[in-house]
Amino acid sequence: MMNAAIWIKGRLLLIWGFAFLGIVEVFAQKIEVGAGIGVLNYTGDIAASLNPRFFRPGGELFFRYNLKNGLSFRAGVLGGMITADDAYADNDFQQQRALSFKSLILAGDLRAEYNFLDYREVRHAVNWTPYVFGGIGYHYFNPSPNSGSYSQTGVVLPFGVGVKYQIRRPWSVGLEFGARKTFTDYLDNFGGEEIAPVKLENGNPALKDMYYYLGLSVSYTFYKIVCP
């Protein structure tokens with residue numbers, strides 16, 4: 001009887017073990033890590049619209065959890081430089097004003113991604129899909145020159161579009177363009193309250209600065225688990 005009880009317990013433990021490993025493996029297939037390189041740009045008081053001349057290098061690291069075919073959640077960090085210069089403006093006022101800046105950008109965010117196509121993790125499927133994303137984050141910036149009379153951290157709202165393609169399981173590539181809406185007017189060290197008697201020499205406090213990221217990424221999805 002004792003041997004039978006031990007045998008039954010052993011079989012039950014074995015069944016539960018395989019079930020647990022199966023659950024872990026399904027969970028693992030939803031986990032993805034990646035990195036990317038790209039370029040950053042900015043709009044604000046010194047550059048009212050995107051100017052290709054002001055693209056500067058940037059990069060990112062991210063963790064993605066693929067909840068289901070149409071929805072993913074992602075946490076990531078972004079770093080790089082932004083810059084702009086009145087010397088390249090198309091109006092005489094800015095050229096005479098002659099302001100310029102450059103700034104380090106460091107940001108972290110949490111976002112949701114919606115896939116338009118049925119992006120399935122199947123070995124022989126041709127997997128690709130365009131997607132949109134939105135979320136919330138926090139950033140640090142350090143413009144040069146720097147008057148130092150404002151906060152250099154704050155909340156950002158990332159949003160944008162992208163496309164991803166599984167080139168060969170477990171590797172995927174992605175191309176993404178996104179904007180970061182900020183709640184500061186000082187990415188360029190210029191803005192906020194009026195500081196000069198001539199109105200046109202002040203920034204526009206109603207126009208908050210934004211920055212943008214265009215990047216190419218590579219990611220790895222975990223399909224296997226190591227059983228000790």
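Throughout, residue positions are numbered sequentially from 1 according to the sequence presented.
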Quiz item: For the residue pair Ser72 and Lys164, what are the closest heavy atoms and their distance?
Solution: OG-NZ, 3.9 Å

Quiz item: Any side-chain heavy atom of Asn189 sitting closer than 4.5 Å to one from Tyr150?
Solution: yes

Quiz item: Under 30°, 30 to 60°, or over 60°: which ring-plane class applies to Tyr220 and Trp171, parallel, tilted or perpendicular?
Solution: perpendicular

Exercise. With Lys181 as the cation and Phe159 as the aromatic partner, state whether NZ or CZ is under 6.0 Å from the six-membered ring centre and within 45° of the axis.
Key: no

Quiz item: Hey, mind stepping through Thr129 and Val163 against side chain to side chain contact (heavy atoms under 4.5 Å, CB included) and telling me if it holds?
Solution: CA-CA 6 Å; Thr129 183; Val163 61; over 6 Å; no

Quiz item: Within the side chain of Lys30, is there an N or O that forms a donor-acceptor pair under 3.5 Å with the backbone of Leu67?
Solution: yes

Quiz item: Transitively linked via ILVMFWY side-chain contacts under 4.5 Å: Leu110 with Ile105?
Solution: no

Quiz item: Are side-chain heavy atoms of Tyr212 and Thr43 found at a separation under 4.5 Å?
Solution: yes

Practice problem: Find the distance between OG (Ser103) and CG (Leu40) and round it off to the nearest 0.5 Å. | Solution: 10.5 Å

Quiz prompt | Within one Ile-Leu-Val-Met-Phe-Trp-Tyr cluster: Phe133 and Phe63, side-chain cutoff 4.5 Å | solution = no

Quiz item: What residues, two or more places apart in sequence or in another chain, satisfy ring-ring contact (aromatic ring centres under 6.0 Å, His included) together with Phe116?
Solution: Tyr114

Quiz prompt | Phe54 versus Asp85, closest heavy-atom pair with distance | solution = CZ-N, 3.4 Å

Quiz item: Taking only residues two or more places apart in sequence or in another chain, which ones pass ring-ring contact (aromatic ring centres under 6.0 Å, His included) with Tyr88?
Solution: none

Exercise. Applying ring-ring contact (aromatic ring centres under 6.0 Å, His included), name anything that partners Phe101, two or more places apart in sequence or on another chain.
Key: Tyr42

Practice problem: Using the salt bridge (charged side-chain N to carboxylate O under 4.0 Å, His left out) rule, take Arg180 and Glu60 through it: C-alpha gap first, then chi angles, then the decisive distance, then the call. | Solution: CA-CA 14 Å; Arg180 269 72 175 175; Glu60 63 174 346; 5.3 Å; no

Quiz item: Under a 4.5 Å side-chain heavy-atom rule over Ile, Leu, Val, Met, Phe, Trp and Tyr, are Ile37 and Ile167 clustered together?
Solution: no

Practice problem: Please check if Val33 and Leu61 belong to a single hydrophobic cluster, counting links between Ile, Leu, Val, Met, Phe, Trp and Tyr side chain heavy atoms closer than 4.5 Å. | Solution: no

Quiz item: Rounded to the nearest 0.5 Å, how far does CG of Asn115 lie from NZ of Lys68?
Solution: 11.0 Å

Quiz prompt | Min side-chain heavy-atom separation Phe190-Arg97 under 4.5 Å | solution = yes

Quiz item: Is there a side-chain contact between Tyr131 and Val161 (heavy atoms, below 4.5 Å)?
Solution: no

Exercise. Indicate yes or no: at least one non-hydrogen side-chain atom of Phe62 is less than 4.5 angstrom from one of Ser217.
Key: yes

Quiz item: Applying the 4.5 Å side-chain criterion to the ILVMFWY set and letting contacts propagate, would Val39 and Leu50 be lumped into a single cluster?
Solution: yes

Quiz prompt | side chain to side chain donor-acceptor pair (under 3.5 Å) partners of Arg64, counting only residues at least two apart | solution = Glu32, Glu113

Exercise. State, with a plain yes or no, whether a side-chain heavy atom of Arg169 is found less than 4.5 Å away from one of Asn127.
Key: no

Quiz prompt | Minimum heavy-atom distance between Leu106 and Gly79, given as atom pair plus value | solution = CD2-CA, 4.0 Å

Review item, side-chain donor-acceptor pairs of residues 136-143, under 3.5 Å, at least two apart:
residue: Tyr138; atom: OH; partner: Thr153; partner atom: OG1; Å: 3.1
residue: His139; atom: ND1; partner: Tyr211; partner atom: OH; Å: 3.2
residue: Asn142; atom: OD1; partner: Asn146; partner atom: ND2; Å: 3.2
residue: Asn142; atom: OD1; partner: Gln152; partner atom: NE2; Å: 3.3

Quiz item: How long is the gap from CG on Asn66 to OG1 on Thr221, to the nearest 0.5 Å?
Solution: 6.0 Å

Practice problem: Could you tell me the separation between the CG atom of Asp188 and the CD1 atom of Ile46, rounded to the nearest 0.5 Å? | Solution: 4.5 Å

Quiz prompt | Neighbour count >12 (heavy atoms, 6.0 Å) for atom CG, Leu117 | solution = yes

Quiz prompt | Straight-line distance of Met210 CE to Ile82 CD1, nearest 0.5 Å | solution = 11.5 Å

Quiz item: Got a sec, which residues hit side chain to side chain donor-acceptor pair (under 3.5 Å) with Gln94, two or more places apart in sequence or on another chain?
Solution: Asp86, Asn91

Exercise. Supply the atom-to-atom distance Thr83 OG1 to Leu187 CG, rounded to the nearest 0.5 angstrom.
Key: 12.0 Å

